[in-house]
Number of protein chains: 2
Amino acid sequence: MSRYLKARQDSLPPAVTNLAKQLVAAGYKVTAPRLAVLQAATAQTGAFNVQEIEDWLVQHGDSPGIASIFRTVKLLCDLNLLQRVHGLDDCHRYSLGAGHGHHVLCTRCGVLVRFDNCGVQELVQRLEQSTGFRISSHLVELFGLCPRCLAA
Amino acid sequence: MSRYLKARQDSLPPAVTNLAKQLVAAGYKVTAPRLAVLQAATAQTGAFNVQEIEDWLVQHGDSPGIASIFRTVKLLCDLNLLQRVHGLDDCHRYSLGAGHGHHVLCTRCGVLVRFDNCGVQELVQRLEQSTGFRISSHLVELFGLCPRCLAA
DNA sequence: AGTCTAGTGATACCCTGTGTCAAATACAAG
DNA sequence: CTTGTATTTGACACAGGGTATCACTAGACT
């Protein structure tokens, strides 16, 4: 176990130590900059971009170089611990969470709900037949207003 | 009718004059740079990015400034005559065609098939109930191999 | 012809990243 | 604890996609 993880394990949220352990499991080291990005990411509500991570880190002590933040985000994406969130315009946001995830995004406040069962299997079958494609992956994102913004 | 459109109408593909007429209908002028971009766009097979439009224009005579190409692409998007195509990584491609369109993309050769009925109404209802969101729009893109790339 | 507005092109700039490379450091082995 | 080595960092240059600015131009209207 890494020096950082060992030293600070008790003071870290479980979500952070969980992610850190997955880094270790994948053969990567748990360093101070990486832990910092993990903390910042788990502290966000909903989707975030790299700028927001950096801002959070600057506010809470100090921030590693922007390059390291980008590298960590990329690493987490590659390890499938972070998902890219596709907005209608903005495609530069990320959301914590593993696996095949889709999102419902509030277009007003940005809050985000993940869901897994997107029910496109039928559509995929229909299109494979009509187009002859072999479809292997998909992107499904929904946009609207969250309950709070609806009320306001 | 614009000077450009009048002068070249007979030598232009119908798809181009159609788009040009929609520009006019929306209160925009049909200028040489805009016509050129329309020609380039209709000449592409599948999705294209701004660079490809510029390359095509450079090869076929000359190209307006890159800024005008971006402006025209943005205008066509705003008028809903051009759709942004979201890839898993690459979100900087566009596809001609009006309305609520989705795409099946070949991840190998880039060829693209549009479809309209994406059958997410049921999913939308389910999620509106479970999350309390009012869902107003969505993004559905499928990825795989086209018949030709499957055979190869 | 004179004026007015939409549109153009050149260029500077912004944002999101990536490549490079010397310096730092995590971790394991001794 | 010290050493060795591969990984990681940070600073910075650079790339790609796109927008802002602004002087200038082309058409439209009188």
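Proteins get letters first, then strands, A, B, ... in listed order; numbering begins at 1 in each. From a predicted model like this one, the values you see are computed outputs, not experimental measurements.
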Do nucleotides 3-16 of chain D as a string where each nucleotide becomes B, S or -: B if the base has a protein heavy atom under 4.0 Å, S if just the sugar-phosphate does, - if no protein is that close.
----SSBB-B----

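- Rounded to an integer number of Å, the gap from CG of D55(A) to P of dT16(C) is 11 Å.
- Scanning all heavy atoms of the two residues, the minimum distance from R84(A) to D89(B) falls at NH1-O, 3.2 Å.
- Nucleotide dG18(D) holds its C1' atom 13 Å from the CG atom of D89(A), rounded to whole Å.
- The CZ atom of F70(B) sits 18 Å away from the P atom of dT21(D) (whole-angstrom rounding).
- Taking atom CD on E54(B) and atom C1' on dG9(C), their separation rounds to 12 Å, with Å as the unit.
- One hydrophobic cluster, built from ILVMFWY side chains closer than 4.5 Å, holds both F48(B) and W56(B).
- Rounded to whole Å, the distance from CG on L82(A) to P on dG17(C) is 11 Å.
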Stepwise side chain to side chain contact (heavy atoms under 4.5 Å, CB included) test for Y94(B) and V85(B)
CA-CA 5 Å; Y94(B) 303 88; V85(B) 177; 5.7 Å; no

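- Here H103(B) and H86(B) keep their ring centres 6.0 angstrom or further from each other.
- When all heavy atoms of G144(B) and F133(A) are compared, the closest pair comes out as C-CD2, 4.4 Å.
- Look at CG on L23(B): it is 12 Å from C1' on dG7(C), rounded to the nearest Å.
- Considering only side-chain N and O atoms, H92(A) lies nowhere under 4.0 angstrom from the phosphate OP1 or OP2 of dC15(C).
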Applying side chain to side chain contact (heavy atoms under 4.5 Å, CB included) to L19(B) and T42(B), what does each step give before you reach the verdict?
CA-CA 10 Å; L19(B) 288 165; T42(B) 53; 4.0 Å; yes

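- Distance, I53(B) CD1 to dG18(D) P: 12 Å, rounded to whole Å.
- Nucleotide dG17(D) holds its P atom 12 Å from the CZ atom of R84(B), rounded to whole Å.
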